[in-house]
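All remarks here apply to the structure that follows.
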Amino acid sequence: MLDIKKIIVADHAGFCFGVKRAVDISLNYKKEDNGAVYTLGPLIHNDDVVNFLKAQGISQISIDDLDKLGEKDAVVIRSHGVTPETIRRIEKTGAQVVDATCPYVASIQLKVKKYHAKGYQIIIVGDKDHPEVIGINGWCGNSAIVTRDGSDLGTLPQKVCIVAQTTERLSNFEKVVEAASRSGAEVLTFNTICSATKERQGSADEVSKKVDLMIVIGGKNSSNSKKLYDICRTNCNNTIFIENAGELPDWVINSKGIETVGVTAGASTPNWVIQEVLARLEKGLETEQKELISAIAVDGKD
Ligand code: SF4
């Protein structure tokens, strides 16, 4: 008899609103359009989803290959958003722009544009190399100061407007606001951190404290999934990071010492990948408990 008695799926796990929306927009557009549909870079950091989209006829194009586009083609802007300059470059080719920028990110872009025009120095709290930050910076003519914690702000002009990358830590945002306020500048702040990240991290933290084994499902390049892994590992030494059900080690299913298993997934992990992992784990559950797993699996997503 195997030992797994309970599987707990984090309340907030898997696709966030913006990522799900971007995938839906791409698939719906492809259904209606005869031309080639591309995403500008991988739509999300998950190979299973990228391969699935490819099978539906939606492949990737890089910024350097835009001149290969034709008038019948379409380019999907992913949830991270892009600079207005990138949009203009696509439009110049004659291809359609399908904008799947997450509305939360689009709202930051508009704020940055508005307050830059009003003479504010824009400060973005985030990672200067992250596509979302590069895109936001484009909306103020690439003039923003990008900082992680405010330690490198230097001398500030009279008016500054602070926004955050949607996945930034609140503590970093607060540090930057504090540093800018000390400079004596007029400081306008917009806490633009998205609750999806906080909710996923909070649920992962909660579940990983209660289990013998924690499974984090996410793409190898997904920074938000890696962050979930770090959080879970702090609470549960027995935490593993897998991309899909195929990577679930046999020792988990056949283990004799694991009674409670927790499952969470990054914002770029689709529901079907989570379900496949749960289906494999189900083999470790006693027969009468199999219903429990499906009930949790459905309720556990947002
Ligand atoms: S994490 Fe938030 S801001 Fe980013 S794509 Fe998802 S819903 Fe949008």
Side-chain angles (χ1 to χ4, degrees), residues 10-29 39-46 48-50 53 58 60 75-83 86-87 97-113 122 124-139 144 146 148 162-173 189-205 216-219 221-231 264-274 300-302:
D11 277 344
H12 299 279
F15 271 2
C16 65
F17 155 76
V19 164
K20 182 175 185 308
R21 181 175 171 274
V23 172
D24 289 347
I25 287 175
S26 308
L27 292 171
N28 289 338
Y29 192 88
T39 63
L40 191 55
L43 191 63
I44 56 175
H45 288 138
N46 186 292
D48 287 313
V49 178
V50 169
L53 290 171
I58 304 168
Q60 292 178 49
V75 179
V76 179
I77 307 295
R78 53 193 182 171
S79 57
H80 292 320
V82 293
T83 66
T86 300
I87 293 174
V97 174
V98 183
D99 192 359
T101 306
C102 175
Y104 300 142
V105 177
S107 147
I108 306 175
Q109 295 172 342
L110 290 180
K111 283 185 176 69
V112 160
K113 183 181 175 192
I122 303 296
I124 305 171
V125 186
D127 171 2
K128 66 177 173 37
D129 298 320
H130 193 282
E132 181 189 307
V133 172
I134 294 170
I136 292 169
N137 198 1
W139 290 79
V146 182
R148 223 48 220 258
I162 308 177
V163 297
Q165 184 180 334
T166 53
T167 48
E168 190 51 77
R169 283 166 180 251
L170 181 62
S171 57
N172 285 347
F173 180 73
T189 62
F190 293 102
N191 176 354
T192 50
I193 298 168
C194 173
S195 60
T197 306
K198 202 174 150 211
E199 286 165 355
R200 269 154 195 70
Q201 293 180 356
S203 295
D205 183 49
V216 180
I217 315 166
N221 297 322
S222 159
S223 55
N224 78 83
S225 303
K226 279 185 211 148
K227 180 75 201 148
L228 290 179
Y229 173 78
D230 292 341
I231 290 169
T264 189
S268 47
T269 306
N271 197 37
W272 85 76
V273 170
I274 302 171
K301 308 290 130 7
D302 62 7

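As the structure lists them, so they are numbered: ligands from 1, and atoms in each ligand from 1. Only a predicted model underlies this, so the values are computations on that prediction, with no experimental measurement involved.
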Suppose I only count heavy atoms of Thr166 and a 4.0 Å limit; which atoms of ligand 1 are within that range? 3 (S), 4 (Fe)
Backbone or side chain, does Cys16 get an N/O/S atom under 2.8 Å to atom 6 (Fe) of ligand 1? yes
Taking atom types as modelled, is there a side-chain donor on Lys111 or Ser107 under 3.5 Å from an acceptor on the other?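 Ser107 and Lys111 do have a side-chain donor-acceptor pair below 3.5 Å.
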Side chain proximity check, Thr197 to Lys227, heavy atoms < 4.5 angstrom: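 The answer is no, as the side chains (C-beta and beyond) never meet within the 4.5 Å cut-off.
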Do Arg78 and Pro42 touch side chain to side chain, with heavy atoms closer than 4.5 Å? yes
Closest approach of any protein heavy atom to atom 2 (Fe) of ligand 1, naming residue and atom: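 Protein heavy atom at minimum distance: Cys194 SG, 2.3 Å.
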Got the closest protein heavy atom to atom 7 (S) of ligand 1, with its distance? Gly18 N, 3.4 Å
For the pair Phe17 and Tyr104, name the ring-plane relationship: parallel under 30°, tilted 30 to 60°, perpendicular over 60°. tilted
Got a donor-acceptor contact below 3.5 angstrom from the Thr264 side chain to the Ala204 backbone? no
Looking at atom 2 (Fe) of ligand 1, is there an N, O or S atom belonging to Cys102 that lies under 2.8 Å away from it?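 No, outside the cut-off.
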